[in-house]
Amino acid sequence: MASQTQAPDPGALPAAMIEHATAMADWVVILPVVLCLIGGALLLIMRKSRIGQAGLAILVTIGVIASDIALLMRTLDGPVSMTMGKWLPPFGIAFTADVLSAGFALAAAVATLVVLFYTQAELQLREVRHGFHALVLLMLAGVSGAFLTGDIFNLYVWFEVMLIASFGLMIMGGRKIQLDAAVKYGFLNFLATTFFLVALGYLYGLVGTLNMADIVTAAAVAPKVPMAAIASLMLLAFGMKAAAFPVNAWLPASYHAPDPGVSALFAGLLTKVGAYTLLRILVALMPGTRDWLGPVLVVVATTTLIIAPLGALAQTNLRRALGFFVIGGIGAILAGLAIGTPTGIQGGAIYAFNSMLVMTAFYLVAGLVERVTGEMDTRQMGGLYAVNSPLSIAFLVLVFAAAGLPPSLAFWPKLLLVEGSVASGQYWVLAAVLINSILTSIAGSRLWAHIFWRQGRAGTHSEQPNDRLRPLSPTYRGFAAVPTGALVLAIVLLGLWPNPVFEAGRLAATGLVDPVPYVAATGLAPANDAAQGGAAMASEETPR
Amino acid sequence: MNTVIFRTIAPTLAAIMLVFSIFVLLRGHNEPGGGFIGGLIAASAVAIYGIGASVTEVRRAIRLDPLSIAGVGVVLAGASGLVSAFFDVPFMTSQWLAFEFADSEVVLSTPMIFDIGVYLVVFGTISAVALALEEPEQ
Amino acid sequence: MIETAYALLIGVFFATAVYLILSKAVIRMLLGVAVLGNAVNLLIFTAGRLTREAPPIVTAESGERLVAPYANPLPQALILTAIVIGFAMFTFLLVLGYRAYQELDADNTDTMRLTEPEKAPPPPTTY
């Protein structure tokens with residue numbers, strides 16, 4: 001089979017370039033990434049300077065949020081696409097955003113902004129000079145790029161941008177425990193992206209295109225068995241990135257090692273990119289592989305949902321326990337994927353959006369708890385309710401959010417998951433979602449009771465000494481507490497008025513299940529002409 | 001490694017390699033070469049000079065922090081893509097500027113700026129890594 | 001024919017890489033990562049179809065268009081990107097492994113237990 005990316009027969013020269021003018025408004029697709037990249041580079045240049053770095057980073061992130069909001073508004077009317085360098089799709093690298101990508105990009109940028117404010121309280125000059133702010137922005141560039149890109153190889157590149165920046169953040173501070181964590185995190189995540197690359201090579205060999213919209217068309221007519229093999233490789237790769245059950249061990253072994261701000265950023269952003277990619281690839285790009293992968297997804301989702309809170313129950317280190325809550329959230333997203341109906345996918349997508357905000361907030365609150373008590377071990381904390389009751393309220397709200405109980409936003413996607421699993425008769429998933437909620441609330445409220453309610457300390461020290469755990473000065477306490485509190489409040493408010501998120505989630509799920517508008521937005525012919533090859537279609541597109 | 005011969009020849013060799021790297025960079029648009037390979041050659045020049053002289057001397061010679069140079073490169077590459085915003089075409093569409101200068105036609109383009117950006121990124125990051133590895137341990 | 005040979009070679013590369021990555025020693029895992037990167041690059045190259053035709057370059061003689069058959073340029077671009085990224089990753093992991101060796105005094109992943117303490121006390125049994 002000749003590759004479809006080769007030019008058609010040398011008769012009349014087909015149009016190779018986009019001839020119509022590009023509207024200025026289309027630039028919002030690319031703006032979040034370009035802003036982050038240029039901002040990150042500027043911060044890299046001025047990383048030795050003492051002042052101005054934080055301000056610039058926060059300013060750029062606000063700009064990114066603004067363009068993400070503009071993009072989300074536009075995608076409500078249908079996907080937006082822009083193909084780089086005027087080359088006709090599928091040859092040019094396309095950035096294509098629908099409600100799902102734009103919503104996730106927005107959540108990622110908001111989480112980053114909160115973390116940037118929070119870290120002003122605990123950053124040391126040495127870390128600023130090592131380029132902390134530059135790395136945060138480069139990581140946001142990678143995450144936004146992964147959400148917004150419409151080209152699967154480009155997705156790989158953004159994954160690696162994200163990974164390299166996160167490596168830098170992981171070892172920022174240079175404590176021994178961070179090196180240990182970085183070895184595990186680094187090797188396993190690199191392995192996961194390499195698996196993705198393998199799947200990508202096979203996919204290109206099979207369908208001859210890398211544009212996601214074009215893959216939607218080409219995969220519909222591709223032979224089923226090789227497609228299933230590719231889809232299972234993708235599931236392995238992104239399951240590893242998202243920390244789904246059999247390949248989740250790296251997450252609780254690494255996320256608690258860096259400073260709380262960095263942990264929060266990782267917990268909010270990184271695993272969700274894996275989850276997003278699973279939604280995009282398994283639902284929109286390769287729906288034909290469901291017959292084979294469906295049972296696997298059910299097993300992975302249910303085990304992840306049940307194992308995660310059990311892991312949290314067994315932990316004494318606060319942030320390690322939270323690592324298992326992150327995994328539990330991934331289980332809920334995978335449950336949506338396993339249900340596979342529009343309702344289920346809507347639940348999974350909203351849960352992912354919710355989880356980005358909740359997990360960031362949870363790690364930040366944990367960071368504050370560690371600062372106030374000077375300990376990382378829950379057995380050493382004890383009696384914090386008397387000292388700091390607002391903190392205990394925030395913690396409890398987040399426990400509810402992790403378990404999917406009202407008043408948090410997480411209740412609604414869990415409800416959708418329950419509804420979807422009942423409607424499609426998948427009672428295993430139903431049971432797992434409910435058991436996960438019960439176990440998570442037990443594990444969470446137990447943590448809460450140990451930290452806030454019980455008097456005094458219990459047990460002996462087991463954690464490494466950590467010189468960072470000094471109480472914050474009052475000025476810096478505001479920096480750390482106010483944005484964290486605002487994020488928790490936002491989670492509650494979204495839980496009380498979930499309609500906008502609900503509606504956006506419905507649009508996102510529709511866009512995934514029926515990708516015709518997504519394909520049309522890139523300028524490729526819709527999927528009903530699937531019998532023809534992608535390249536032939538591109539040449540038939542007349543310049544508009 | 002640190003023989004008299006090597007120490008004597010290293011500065012000259014580094015200088016020649018730096019000039020050659022710029023030649024490779026500019027040649028790269030229509031012929032083999034380009035920013036990536038040019039940057040690698042320049043970074044090797046820095047590495048050789050670092051072995052021949054000392055890392056502190058190299059750092060003094062290039063004045064700027066290597067990672068800052070890489071940052072300038074990313075900014076240049078990104079800015080070259082943004083130029084197309086003023087011409088109603090998508091991001092990264094190449095724009096050309098041709099003019100007569102001293103009896104020959106000079107063609108400037110945004111891909112060239114992008115390539116210079118790539119050159120600086122590769123030069124900056126690779127020499128940062130090389131210098132960090134060459135630095136004697138404390 | 002030649003594809004089969006390539007497939008076998010890629011298989012050998014993958015087997016070597018997996019064997020090395022499963023080792024306890026960080027330095028062997030690093031070597032495994034390097035081999036794995038090459039295995040994947042070779043795989044992409046083969047997936048892009050093996051040809052021995054002309055390079056895909058448009059010249060004035062060819063009438064400003066590509067004359068078939070020509071080599072598929074896309075896998076080469078993909079591999080170039082993957083090599084660069086793989087190189088960056090390998091450099092980082094190498095420096096990381098070296099630092100870990102210095103600081104933790106261990107090249108053995110079994111003795112790296114700072115993040116997951118080996119003799120962690122059980123959590124309190126009370127609520």
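Just so we're on the same page: letters track the sequence lines, and every chain starts at 1.
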Within a reach of under 6.0 Å around CD1 of A:Ile62, are more than 12 heavy atoms found that belong to other residues, nucleotides or ligands?
yes

May I ask you to check whether over 12 heavy atoms, not counting those of B:Phe99, lie within 6.0 Å of atom CZ?
yes

Heavy-atom check, side chain of B:Val74 versus side chain of A:Leu44, under 4.5 Å
no

Heavy-atom pair count under 4.5 Å with chain A, highest-scoring of B:Ala70, B:Ser94, B:Ala85, B:Gly78
B:Ala85

Determine the minimum heavy-atom distance between A:Met82 and B:Phe91, stating which atoms define it.
CE-N, 3.2 Å

Is it the case that atom CD1 in A:Ile51 sees more than 12 heavy atoms from other parts of the structure closer than 6.0 Å?
no

Over all atoms of both residues, closest heavy-atom pair of B:Gly71 and A:Ala41:
O-CB, 3.4 Å

Part of B:Ala79 within contact of chain A (heavy atom distance under 4.5 Å)
backbone

Which portion of A:Ile30 sits near chain B, non-hydrogen atoms under 4.5 angstrom:
side chain

Got a sec, which pairs hit side chain to side chain donor-acceptor pair (under 3.5 Å) with one end in residues 62-85 of chain B, sequence neighbours left out?
A:Arg47-B:Asp65

Check whether any side-chain heavy atom of A:Ile38 lies under 4.5 Å from a side-chain heavy atom of B:Leu82, and answer yes or no.
yes

With sequence neighbours excluded, give me every salt bridge (charged side-chain N to carboxylate O under 4.0 Å, His left out) pair touching residues 27-36 of chain B.
B:Arg27-B:Glu31

